[in-house]
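Some notes on the structure that comes next.
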Amino acid sequence: MKLPRTTLILILLALGLGGFVYLYEIRGATVREEINEQKQQIFSFAEDDVQSLTVKTKKLTLNLERSSESSNPKWLIKSPISGPANDAIVSYLMDLLVKGKSDRTLSTPVKELGEFALDQPQATINIILKNRQSHQLILGKSNFNGRFLYAQADSAAKPDGNINVLLVSTDFANAVNRELSEWKQPVDNSQKLPGLSTPLPTPTNGK
């Protein structure tokens, strides 16, 4: 029996659609998941791989270096002052760098980076690993709804001349936009008060 032309067309369309769904949804699912995972991860190094950090904001340029001593603190401030760093503050930033992921990646012409404030960034983080490899994260402005920051990570131009612009957590801005005093190791509560040669005695029973 000869099928009507319309019915034959519908059958061919259904077969074609079924084949597309199979190829895209089933066979392509694993590949897309792997690609998405690679795009989401900002960096691939581990925290212990990092030897030094330089955090540059509009107010401050801070150089941090991992302590060679096994005891605390783990991090030292090398400039603009010298001294032990606040390990909790540095660890917070390190956790973002190691585990941070990009929500999306935008392929952008170099001439349009100014639209994301990446030509005059709010902060730049330079990372040196123990094997002397270097990485860089540049933080621009917030996106339209304030949920993410525009950023560049190790941003060499692609073959088409464009730069990958990432959308990263605003926690990065919170991590780096700090006063110098916040980066310093907290002073022990048992410190001596200024002008006193010995600590104040601890009151007992109100006497």
Side-chain angles (χ1 to χ4, degrees), residues 34-108 110 113 116-140 148-185:
E34 290 175 355
I35 292 174
N36 287 339
E37 185 65 26
Q38 290 171 2
K39 288 183 178 179
Q40 291 172 0
Q41 194 73 33
I42 300 174
F43 296 114
S44 60
F45 54 76
E47 180 175 350
D48 287 342
D49 295 335
V50 179
Q51 178 60 35
S52 65
L53 295 169
T54 299
V55 179
K56 183 178 180 180
T57 66
K58 294 182 178 180
K59 292 183 177 180
L60 178 69
T61 297
L62 181 82
N63 292 302
L64 297 161
E65 189 169 305
R66 186 181 294 275
S67 174
S68 58
E69 303 293 333
S70 58
S71 59
N72 289 332
K74 290 170 56 178
W75 290 92
L76 302 173
I77 300 175
K78 306 302 289 186
S79 68
I81 60 172
S82 296
N86 186 325
D87 278 342
I89 296 295
V90 180
S91 293
Y92 176 58
L93 173 58
M94 284 296 310
D95 192 62
L96 290 171
L97 292 171
V98 171
K99 300 178 182 178
K101 294 183 177 181
S102 170
D103 183 74
R104 288 191 299 285
T105 301
L106 312 174
S107 183
T108 306
V110 175
L113 292 178
F116 307 100
L118 290 167
D119 58 338
Q120 296 182 345
Q122 64 168 301
T124 301
I125 307 167
N126 290 303
I127 306 128
I128 303 294
L129 305 184
K130 291 177 180 177
N131 63 8
R132 308 314 299 169
Q133 288 184 359
S134 62
H135 296 275
Q136 185 182 67
L137 184 66
I138 302 173
L139 303 177
F148 300 100
L149 295 177
Y150 294 114
Q152 288 176 260
D154 294 342
S155 51
K158 300 187 297 179
D160 61 4
N162 287 355
I163 296 289
N164 280 338
V165 174
L166 313 179
L167 285 172
V168 303
S169 171
T170 55
D171 289 342
F172 278 99
N174 299 329
V176 298
N177 288 313
R178 300 179 180 276
E179 299 294 333
L180 178 58
S181 58
E182 295 181 78
W183 291 103
K184 295 164 58 179
Q185 185 183 53

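For the numbers below, each heavy atom of this structure counts, side chains included, while hydrogens, waters and symmetry mates do not.
Taking all atoms of both residues into account, the shortest heavy-atom contact from V90 to A85 is CG2-CB, 4.1 Å. In terms of heavy atoms, L137 sits closest to F172 at CD2-CE2, 3.6 Å. The minimum heavy-atom distance linking L118 with G140 is given by the pair CD2-N, 3.5 Å. The minimum heavy-atom distance linking A173 with L139 is given by the pair N-CD1, 4.3 Å. Scanning all heavy atoms of the two residues, the minimum distance from V110 to G161 falls at CG2-O, 3.5 Å. Taking every heavy atom of both residues into account, D154 and S134 meet most closely at OD1-O, 4.4 Å.
The backbone N or O of R104 lies less than 3.5 Å from a partner atom in the side chain of S102, making a donor-acceptor pair. Between the side chain of N63 and the main chain of K78, no donor-acceptor pair closer than 3.5 Å is present.
Taking the side chain as every heavy atom from C-beta outward, V165 and L113 approach each other to under 4.5 Å. Side-chain atoms of N86 and E182, non-hydrogen and from C-beta on, never get closer than 4.5 Å to each other.
A distance of 11.0 Å separates CG in L166 from CZ in F116, rounded to the nearest 0.5 Å.
Donor-acceptor pairing under 3.5 Å is lacking for the side chains of T57 and N177.
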What do the steps show when you test T54 against T61 for side-chain contact (heavy atoms from CB on, under 4.5 Å), and what is the final call? CA-CA 7 Å; T54 299; T61 297; 4.2 Å; yes
Using the side chain to side chain donor-acceptor pair (under 3.5 Å) rule, take T105 and N164 through it: C-alpha gap first, then chi angles, then the decisive distance, then the call. CA-CA 6 Å; T105 301; N164 280 338; 5.8 Å; no
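Taking a 6.0 Å sphere around CD of Q120, one finds it holds 12 or fewer heavy atoms contributed by other residues, nucleotides or ligands. Counting heavy atoms of neighbouring residues, nucleotides and ligands inside a 6.0 Å radius, atom NZ of K130 exceeds 12 of them.
For F43, the ring-ring contact (aromatic ring centres under 6.0 Å, His included) partners at least two apart in sequence or on another chain are F45, H135.
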